[in-house]
Structures are given as structure tokens and as C-alpha cells.
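For reference, the structure discussed in these notes is given below.
Labels below follow one simple rule: chain letters A, B, ... track the order of the sequence lines, proteins then strands, and each chain is numbered from 1.
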Amino acid sequence: MHPHDMLPRDIAVRLIAEDGTALPDEAYALPAADVLLAAYRGLVEGRRINDQAGALVRQGRLAVYPSSHGQEACQVAAAMVLGDTDWLFPTYRDSVAVIARGVAPAEAMVLLKGDWHSGYDVRAHRVAPQATPLATQLLHAVGFAQAAKHRGEDTVVLALCGDGATSEGDFHEAMNFAAVFHVPVVFFVQNNEFAISVPLSRQTAAPSLAHKAVGYGMPGQRVDGNDVAAVLAVLTEAVDRARAGGGPSLVEAHTYRMQAHTNADDDTRYREREEVQAWLARDPLLRLRAHLTATGTLDDEAESRFAAGAEEIAAAMRTALNTDADLDPEDLFRFVTATRSPQREEQWQLLRDEIARSHPAETMTTGGPR
Amino acid sequence: MHPHDMLPRDIAVRLIAEDGTALPDEAYALPAADVLLAAYRGLVEGRRINDQAGALVRQGRLAVYPSSHGQEACQVAAAMVLGDTDWLFPTYRDSVAVIARGVAPAEAMVLLKGDWHSGYDVRAHRVAPQATPLATQLLHAVGFAQAAKHRGEDTVVLALCGDGATSEGDFHEAMNFAAVFHVPVVFFVQNNEFAISVPLSRQTAAPSLAHKAVGYGMPGQRVDGNDVAAVLAVLTEAVDRARAGGGPSLVEAHTYRMQAHTNADDDTRYREREEVQAWLARDPLLRLRAHLTATGTLDDEAESRFAAGAEEIAAAMRTALNTDADLDPEDLFRFVTATRSPQREEQWQLLRDEIARSHPAETMTTGGPR
Amino acid sequence: MTIAEHETPVAAHTGTTTTMTMAAALNRALADALAADPDVVVFGEDVGALGGVFRITDGLTARFGEDRCFDTPLAESGIIGTAVGMAMNGMRPVVEMQFDAFALPAFEQIVSHVAKLGNRTRGGMRMPLVIRIPFGGGIGGVEHHCDSSEAYYAHTPGLTVLSPSTPQDAYSLLRAAIASPDPVVFLEPKKLYWSKGEVDTAVTAEIGSARIAREGTDVTLLAYGASVPLALEAAEVAAGEGRSVQVVDVRSLSPFDDETVTAAVRSTGRAVVIAEAPGFVSVASEIQARVFERCFEYLEAPVRRVTGFDTPYAPPKFEHWYLPDVDRVLDAIDTLHWEDDA
Amino acid sequence: MTIAEHETPVAAHTGTTTTMTMAAALNRALADALAADPDVVVFGEDVGALGGVFRITDGLTARFGEDRCFDTPLAESGIIGTAVGMAMNGMRPVVEMQFDAFALPAFEQIVSHVAKLGNRTRGGMRMPLVIRIPFGGGIGGVEHHCDSSEAYYAHTPGLTVLSPSTPQDAYSLLRAAIASPDPVVFLEPKKLYWSKGEVDTAVTAEIGSARIAREGTDVTLLAYGASVPLALEAAEVAAGEGRSVQVVDVRSLSPFDDETVTAAVRSTGRAVVIAEAPGFVSVASEIQARVFERCFEYLEAPVRRVTGFDTPYAPPKFEHWYLPDVDRVLDAIDTLHWEDDA
Ligand SMILES: Cc1ncc(C[n+]2csc(CCOP(=O)(O)OP(=O)(O)O)c2C)c(N)n1
Ligand SMILES: Cc1ncc(C[n+]2csc(CCOP(=O)(O)OP(=O)(O)O)c2C)c(N)n1
Ligand SMILES: [Mg+2]
Ligand SMILES: [Mg+2]
């Protein structure tokens, strides 16, 4: 591949215009109608999950929620392009992708509820724990893919990160290891223009983040991140390439974080309302709905079926999160290592004694609480 | 600048062929004859320094020496392109560049002799301490340039590293910070095909290391690192750009590490002799000599004058290194911090007491050594 | 408008001193340092327009300009590494690491350069930089947001490590840190950011000195950061039980004030060290060992420590089981071989 | 040809056991682990064709192929981070960090993931990986090549930290480390790489157990890694001076064998901890504190420590002034309140 061919396009790939019109593209075909309909359902559910989680934060049922409101096209596409044997490596902002991949919303929210550091069975859904230390998970994704390749397994790994995370050294090392070892990883950057308060212009001076790919010897591509059709097409190509032994690639989605970084953030301090408003017109849901309605793929029946499904998910979230989990303090010690440490066991016993003293009725101890 | 214009050439810039013939280039002019003559003198001295240091290692006068034999064109050019107010940030392999910049050979060798971690006055010569932890110094170079820019000083910083070091996260962060803050730094990678035993192919899958530049939004260029004329021309352009406020850039020199990584290394374990032999034909000295002789710039008188000068340096190195420095054990404590620490002072006193006991005659103590 | 009067960090003037939160005190210290010395620059992630996720740099960019207080790309090694370069070139960078765990990507720069460059150059280049880290737990933060990594820094020769527990110390110690020719890791107990106290900006602090936070004669509690108010609370409860408890705020972890601490423990003959960090190979174990060694003949009982467990920091809902609390401190005091023991 | 018979690491058969260097024992342990378990992979910088800068991986690529032992790009966070990913996907990576200080770029991966991923996933994913680090000084290495950073790892909950001092332990502990379901930081004392001893590959080691390296009744020396031979040497000299010195090789820094160590010190009533790392907030201070706390009633004198100074590691020509030596150990023993003291 000539270096020029590893460069992304000057303008991000788009398959559906903001008004819903299909835009023919020489390289990427519009996904089939049923795929787009499934994507739309995902968008509706994803939006509902984001909004429901936001409400649960305000009600104090979630400790924190980094919303992907506005980025649902990326979230849904990330889950849709993966097969059963593939793996997803998400960040804290990718709860919708995690749920779209099959994790129960209540389990996906365990981290944000504060009940544990991660709450789902990673192997059951082939989803790594959501990562907080930025860009670190990209290396895990590469190593994971290396192991799969080593054993000759049919696994493609999709590794997610934000625009800010591309500045970390680990992003660089992950891209480089993936390219040198030619492993089946797709790096998917959701460039939502902000890293908390820091705008993209303070993150990079590059023509685009996808231009970094050539420096590792892999193809890079840019896509309109609010056009789920385009994201599906571009990611599918990248996943297919990886599966066929064509090695890693980098996809940058241009999107926008419509809400504050998390509920704890105040975005009025660092960006103009007009800027946020302007992105409303590019909303991924409205765009796809316009397209599907115009093409007759989406009718009122389907629309209300999807809405009802999304409501069900939201209701399940509320039920799950309004229930206080039965937490066992001894879990603090239970999982640290698989092998024993006398030091920790001593501390564990101390905690057990404290608990026994504070719940004397439930235990055999004779001493009362302090 | 269009992204394509940030990409390096497909073939590295060359101005003098291996047989000494000048190669006209549309973008880079051949440096003037007197500049090339000065460069030649530098090459002769640099080669002599490398060989002398190697001998001193074998005689046990230096603890270790990472030779730049074969890379002298890069070393000499790095020093030559800088002005008085500029700064050089070298690595362990760049002793010849450090000396070419004006540091006394004996002072440059303090680290490798084991007398201290660095032995020259960094400010007098505007040369940072030689860095061992790979790529870390690139960030220092960027911060240094940021400070200079902040104060409006006319300082360009030339930051050196090897091909292996480009894989470190700090390389990435340095390139990115430099580009985002648009500071006057030139990154100069001496790609000598090896990182100890690891060949370039295990370091990167990129078309070239210079292709990384576009991913940061800066120009990258490749140059034949054994053609000092080309290295001078390309680096000068980069330094001039930085000085004029044009921001950072990346220059990759293609060269070859002719000797083992250090004297402690055994390169027969990982590379064929034929490969090393093949690079003899591209020797930077022979090439420039052929050119200067053919063009009548270099005569026997100058040749022997340069050789004599190089011998003088070598003799000075021998004298300096064959003398054991007068080391003061208390230096262990003297420089750790500028402020006091009672903990360290207690230990310092302990050491003083020990020394007093082992040299009772020189001190007031009455107790003898153990 | 002065920074201390600014919206978020609460501050109110009362005579010559001012009552303010620790956050406001830190903000004020940064502002005063920026105003006093043109070589001081403040940078990090989100410290500009946002004013930091804890608002400690609130208003600094507006007041001093983008040149003096600015956001960087998201890369901690880059932040510390460029700060090293700036310090090499005569600046006094004050950088913010967003949370304790997010300073770890910069660990090589901190250990191999920040701590060593002055020594390497035989004092030819000093490292007058300050690394501010909001540290510790108690705020219900999710994983990676509540760690206490002072042991890593205190073990590293060449670093000064400070942690204030009052707004006054926050102000005075941060000013002292910025003025120091040596690199300082400045650990700000997140849990105390919104605690209030009087601050006199004319008060200067000496790095390396501990503070007697409460007088007492029966037992000495040694603590720093967020464990100091805990120790004071425990002392209060113990007083009710008839025990006179002395509290020492260590505040300068390295260098360490052996003189004050040794004298304190010798005077009571009993001691408990309190810290949130996991106890194994910790600052608490260092203090325990030092006190043992220096007060051996004076001790009525072994020195105890009450620390975080040797487990990863707890998830938010488990925090109250994880953190040292008054009961644990009182339990530890109870073990100190009292004459009235059965 | 077996690996142990290979060119560089010296090995010679004598009956059922084999005399070999520690380097050869480590090489043998890696080879045996690679042969025994297809999930084991060995990688790092220069571990392939070169066999590692200390030749510990010598011959492994030739014998097991590029797939099982290979070089990586030069990036330590990348090495550890991909090892984490491999461990998540069922492999048992054994990675080499070229020198102690060059593991620091990977510190975030080690602390935030290697140590925590098992806990994060409630045991759903374990981290059976081994980080081999040639550690310590005494070999005349230049800056960054002689550090001892065990304190950083031992303080981090979730990490097992081991350091052998004999070829037998090098073999058996490395095999145990590779077999462990938990992550192990395996610290190889560079200074002892070429020391020889008998190795029986059938001997298994238990992680978490200390070893009585020499019996003695008057005082206990507690050491690990390269400080163990130093302790033995000091014990020998002290024996000449009429003192019976016990030596305990701690070898498992975390978890720590309180049982053996406590019993040992109680039996003699006196103790000195020896370690090369700077002493402040160190494994030595932890051991000192633990021994104090657990043996308080048995101690005739304060426990002492002999450690590296709280300075950056010395340049080669200063090493002999920096490192703990026999005289310093004997001096420390002398302070332990002997009956015959004046
Ligand atoms: C290593 C590290 N440094 C800092 C942080 C704190 N932090 C959390 S999210 C965030 C911004 C990330 O921005 P980006 O990568 O663009 O992702 P986004 O939040 O926009 O999805 C920061 C600085 C972190 N989690 N990890
Ligand atoms: C962070 C770090 N990791 C590892 C090393 C050990 N090391 C010293 S030189 C070297 C190879 C460097 O290769 P390259 O960057 O190509 O420079 P060259 O030696 O070829 O000049 C290695 C791995 C180091 N010094 N620093
Ligand atoms: Mg973002
Ligand atoms: Mg190289």
C-alpha cells in the first residue's frame, strides 16, 4: 500500500445527508434497509438509555454518568459490526455500546452506581471492563488480539477511545504494536471535539486524527460519526480487513458530545451554547429517521414498537437502580488475588470482627459494638 | 499546508552519491565548499573520538561506550546547524555531537567513565545532559523551547533520538506537544536500523519514521544519514523554519550502527557480517572525502592538518581518562536537593564518620577503622 | 476582583485573616505566586477555562492570560516532561495531575528526571517545579479517582512530598513549594477541599516541619492529609472516655520532621499512625519504624498503625468499610497496654 | 541440547542436581515453563535473537520459535499493556523489563491494571503474568541501570513481589511465579546472576515463605536479593568476633512471611534489616515496623536497618560508598544493646 493510500479522505465519509438523502459513494455502499432499521432501533434505545441514566444521576441513583448523547451512531455501530467471537474494548463513555452488545443495562451500570468497579460477565458478552485510565485499554485490545492470532482464533477486536485519549503515549504504543504484529484490531476514535473542557485544537494540530495511521503503516479513515450508515460501512470494511488478515486500521468518527462531560461537569464554562445548538441539526437519530421515513423503511408501527422497547429498557434500568444491591463488605478482600496473603487475611479478619460487632445478633460474637 | 506536503519523500534526500558525485536536488542546495570542509574536519575528528573511546573501553578506562561509528555525519551536522543561542538535547550515543558542540571530550566522557552522571556545564555549551531513558529528553526539549518562546528568546532546540526510541510513548507526546504549542523544536531521528539487537522491522511497520510527522501536523523529511551534505541541508531547513516561527518538524536520517550497541554487546548474535560490510561502502567520511577531493576542496595539507587535530583530541582524551579523578564520596549527598533534609544529613554524617575512620590520619577522630 | 473572592471557592473576609475553603486557599496561593513571579506558569488538563475539575485553578487564565495558565494535550508524561524542560530553562512550572492514579503515566519522568536532574547536573540545573495532585478518597469516587500514592513519591530520593490538612497550610505550604528550588509533590486531600478555616496570607510555612494539631499527654496520633481531622475527631471521643490524646499533623512527608515527632511520642510513650493509603510499605510504616527506633526506650506499647487495607481502593459504596475511621483509631489506642487493662 | 547446557549460562551436571549460575537457573526455568505449558510466552526488548542483555532468555527463540519468545517494539507500557491483554485472553506472558528504571514507563499499566484487573472483574479475569526485572546494583552500571524499586511494587496491593538470592530459588520461584494465577513482579538481583549453586529442578517453591539461610542465636539479619550473601558474609565475620548471627532470606516481599520472620527475631531478640534500596518508605522500613510490632516484648534493642542512602543511586565509581557493606552491617549489630556494652 502506498503511503498516500493510508491517508484518510480530506472530507469524512458520509452516506446520508443531514436531511436524510442518501449520498452515493464510490467506495462505501449504503448498508441494506434491514440493517439500517436495526441501527435505528439501536439509536432509539441508546438515546433512551442515555436520557434515563441522566435522570437516575439526578435522582442520586447513579454516582456519575458520562453520556454518549449525540454519539449514539458510533455506539450502536460499534456493537453492530462485531460478530459473536469478536471482542469490544470500551471506555467509560461507551455504556450504550456495551448494552448494545448484549450486556444488561443494570450490569453495565454497576460501575457508575458505585457497587463495584465493573459489573458484567466479560466473557459472556465478550466485552472488556469499561476502562477509565485513558488509552490504556488500547494496549489490552492489542494483546488480546495477539493471543487470539497466536491460537488461530477468528476474533476481531474493536478498541474504542476518545479524541483526548489519542494524546496519551499508550495510544501510540498500541497503534505501533498492532501494526508491527499485524493483529486484527480496529481502533475506533470517537472524536467528539472535547476532552472534558479541552477542545480538539488543544489536543492536536494534525489535519485529522486519522492521519496518524500512516505513521504506523496502517490505513486511516474518517467518517461522519453522526451518520450511522457511514459509520457502519467504514467500520465494517475495517473489521472485514482485520478478519481477513489485513491487519489493524484506524477509524476516526467526527461527532460531538452534546452534554457536559459528566453530570459533575459544567460545560457552560468552556463552550458556547450556539456551538452545541448547531450540532442539534446533525443529530444521528433524526437523520436516520428522515432517511428511513423517506425511503418507506420506517413506519409508525415500527417507530412505536422501537419506542416501546426503549421504554422497557428504561423501566428495567429504573427498577434495577432503584434497588439497593446487597453488598458484602468482605468483597473488598475476596477478589484481590486468587492466592492467599496472610497480611490481607489478617485485615480481612479485622473487618469481619468489626462487622460482627456492629451486627451482634447475626453472629456468635459476645462483644457488642463499640 | 496540505497533508500530502507534510509527508516525506519516498526516497531519502541525497546530495552526494557514494562515489562523491554531487546530485542536484530541486529543493535542497549543496552546502558551500567551506561548510563541507568544516564538516569533513568534524567527521575526521568524530571518527577519531569514536575509535579512541573504543580503545579506552578495552583498556578499562571507560565503563561503557555506545559508539556512533558510521553515524558521524549525523553527529557533526547536528552540532553544525545550531547557532550560539540554540540548544542540543542529545542521547547516550551522541557524544560526538556533544563534543562537536564544544564540550571538552574529557567532560563528555564523565558519564561513561563512571565519575558522575553527567560531566559538563550544560549552560556553558547549551547542551542538555545526555539522556539514557529513551525518548524522555524529547519532552524536555519541547518544554525548554516552550520556555524560550514564552520569553521571546531566539532559541531553536534540536532533539535527538534513535529509531527504537520512536516507539516510546514519550516520543508521541513530545511530537504532539511541540505541534500543539507550535514551538521551535527539530526532532532528529538517527535511524541506524537497530535498537540494540532489534531491527527496524520490529520497531515499525510505517513506510518511514518520517511519515509519523503528518499525524501531528508537522512536516517530516527523510535524508541519507551518511551524506553529511544532505543532512546539513535538511536540518538547516528545519532549524530555519523553527527559528522563523514555522513550528516543529521531524527529520529522519537513514544511517547504520557499524559497531555493536556498546562494547558490552555482541552483535554477531543478531546480524550478519555481510550486512555490516555492505554499509562500509556508504561510509560518510569516504563519501565526503571523495567529493571534496574530486572538487579540489580538500588537499593533502588540509587532510593531514585535520588528522593531526583529531590526534590531538585523542591524545587529550587519553590523558584525561588515564588520570583517576579525585572523587569526593560526599558528592553523593551534596547535590540531591538544594534544600536540606535531616534524614539525608544523618546519613551524610554516617558516611563522613566512616571515611574518617578509614582515613584516621587525615581527620581528628581517635577511633581507628574497623 | 481577587481570585479568592471568585464564584466557586468560598471565601469571606474577617479582619486581617480570611475564612476560606482549602480549595480557595490553594487557588489564592496559585494566584499570589503567579502575581509575584513571572516565571511561574500553571498548566495541566482542564486547568484553563474550566478552572480544573476541582476548580483550584479557577479564574487564573482569565486573570493572568493563556500564557501563564493553560490547558495541555491529554498526556501526563507530556505534562511532567515539558515541565522538566521548562524548569531546565528557568521557569517554575506548577502542574496539576487530575487525580492521583492519572499521575502514574508520568512516573518515569518523575522518578528518572524530576527527582534526579538536579543531582545529575551537580546542581547545574535545579528542578523548581510543583506537581499538584488531588489525592485520597472519601468523596465517593469511582475506581482510579481515590488513590493515595504518597508512598511512591516519598520513597523516591530527591522529591519533597507535602500534604496540608488545613486551609492555612494549603496556602502557606503551596507558596513554599512553589518558592522551593527543589521539586515538590503536593498532595491535596480531596476530601478536605471544601473544609473551611482561617487563612492569613502573610503566614509563611517551613517545608520539613510537623505541627502539633492538638495537645495531649496519654497517646500521640500521627497523621497527615485527610487523616488529621479524623485523628482530631478520635481524640475528641477519646477525651470523653478520659484519655488525653495528642495529634501531630506530619504534613511534610519528606523531608520528615523527626524532631517534633520523636519529642511528641517520647512525651506520651504511646503512638498510633493513621493514613488512608494501603499500609504495606507505606509512609505509615516508615513513620512507625522511625518512631519505634527513636522512641524505643520510651514506649509503653508497640506503635500501631491504622491504614487503608492492602487492597485496591474500594468502590464508592464500600468506601466506609475501607477507610480508617474513629472506631478503628480508638480500637488501636485500646491495644496500647494501658495500666487499666484487664 | 538443553537450554541449561547452552553456551552462555554456565551449567554442569553433578548427580541428581546441577550446579549452575543464577542466570542459567532462570533460563532453565523459562525453558521448562515454555515446554510445560503452551500458554506461556516470553517477550520484551532484545529477548529474542540476542537472548536478553543478561542472556537470561538465551536460546529460547531458537528452541521454541518466534511465536513463543520474541522481541517487541521499544515501549515498556506497550509490553506490559499487551501482556495484560494476552493474560485477559488466557495466555501466561512472562515479560522482561531491561533494567529496573526502564519498567517505570509501564507503571500506570502495572498499578492500574496488572494489579487491579482481577479485583475489578471479581475474579472473572485473572492476571497470570510475570514481570521479570533485573534489579539492584553492584555491577558498576551507569545511571538508571542499578536501581532497586521493590518498594513501588510491594506497596501496590494485588502484586506478588519475589526476589531470589540463590540459583535454586531463582529456578523454583520463577516456576512458581509463572504458575501463579496472580501477577508477579520478579526481581532478579543482577549482582548474583553469575553466582553459582546447586539446582534441583524437581524442587518446588512456595510463594510467601521466607528461608532461614543461616542459623544463629544472638541476632537476626533480615535480607533479600543481593543483600543475602552480604548478610551471610557479615554473619561469618561476626562469628569470628564471637557472635552467633542468624540470617533470614525474606525472598517473598509480598506476601510476607510474618510467621518465619517473627519466630526468628523472637528467638534472638535482636534484628537488623538489610536492603540496597533507599531506606525511606521502603520494604526495609516495612520489615522493621512489622518486626517491631510483632516482637516488641522480645526485643533487647531497637531493630536497625542498613540500606542504600536516600539519594539517587551512585555513579559507578561511587558505588562502594553507597551500597550496604559488611562494616555497616557489623556497625548496626554493634548498636543492639549488648550486655558487654560499656
Ligand atoms: C490517564 C488519564 N488521565 C486523565 C483522566 C481524566 N479524564 C477522564 S475523561 C477525560 C477526557 C477524555 O477525553 P476523550 O478521550 O476525548 O473522551 P471523551 O470523554 O470525550 O469521550 C479525562 C482527562 C483519565 N481518566 N485517565
Ligand atoms: C525507557 C528505556 N527503555 C530501555 C532502555 C535500554 N536501552 C538502551 S539503548 C536501547 C536501544 C535504543 O535504540 P535506538 O533508540 O534505536 O538508539 P540507538 O542505540 O540505536 O542509538 C535500549 C533498549 C532505555 N535506555 N530506556
Ligand atoms: Mg472527546
Ligand atoms: Mg537505533
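Residue contact with chain B, scored on non-hydrogen atoms closer than 4.5 Å, is absent for C:I80. Contact annotation for C:N89: both backbone and side-chain heavy atoms come within less than 4.5 Å of a heavy atom of chain B. Using a 4.5 Å cut-off between heavy atoms, C:S254 makes no contact with chain B at all. There is no contact between C:A83 and chain B, counting heavy-atom distances below 4.5 Å. Proximity to chain B (any heavy atom under 4.5 Å) is shown, for C:E259, by neither the backbone nor the side chain. Residue contact with chain B, scored on non-hydrogen atoms closer than 4.5 Å, involves the side chain of C:S112 exclusively. Within the 4.5 angstrom heavy-atom criterion, only backbone atoms of C:P38 (N, CA, C, O) approach chain B. In this structure, chain C has heavy atoms under 4.5 Å from both the backbone and the side chain of B:A148.
The candidate from C:P73, C:G158, C:G118, C:P157 with the greatest count of non-hydrogen atom pairs under 4.5 Å with chain B is C:P73. With chain C as partner, the option from B:Q137, B:H150, B:Q146, B:E153 having the largest number of non-hydrogen pairs under 4.5 angstrom is B:H150. Contacts with chain B were tallied for C:E108, C:H113, C:M91; C:H113 has the most, counting heavy-atom pairs under 4.5 Å. When each of C:D257, C:D39, C:I79 is scored by its heavy-atom pairs under 4.5 Å with chain B, the top score falls to C:I79.
The shortest distance between side-chain heavy atoms of C:V47 and C:D71 falls below 4.5 Å. Using a 4.5 Å cut-off on side-chain heavy atoms (C-beta onward), B:E345 and B:R340 make contact.
Distance alone, capped at 3.5 Å, places no donor-acceptor pair between the B:Q75 side chain and the B:S68 backbone. Using modelled atom types, one side-chain atom of B:E252 and one backbone atom of B:L209 make a donor-acceptor pair closer than 3.5 Å.
Judged by distance alone, the side chains of C:T121 and C:R126 never bring a donor and an acceptor atom under 3.5 Å apart. A donor-acceptor contact under 3.5 angstrom links the side chains of B:S249 and B:R241, judged on distance only. Under the 3.5 Å distance criterion, with hydrogens and angles disregarded, no donor-acceptor pair is assigned to the side chains of B:R344 and B:Q347.
Ion pairing of B:D86 with B:R126 is absent here, as no side-chain N (NZ or NE/NH1/NH2) approaches a carboxylate O to less than 4.0 Å.
Of all residues spanning residues 164-182 of chain B, those with a heavy atom less than 4.5 Å away from chain C's heavy atoms are B:D170, B:E173, B:N176, B:F177, B:V180, B:F181, arranged by number.
In C:Y298, the OH atom is not crowded: 12 or fewer heavy atoms of neighbouring residues, nucleotides or ligands sit closer than 6.0 Å.
Between atom CG of residue C:L187 and atom CG of residue C:L253 there is a gap of 7.0 Å, rounded to the nearest 0.5 Å.
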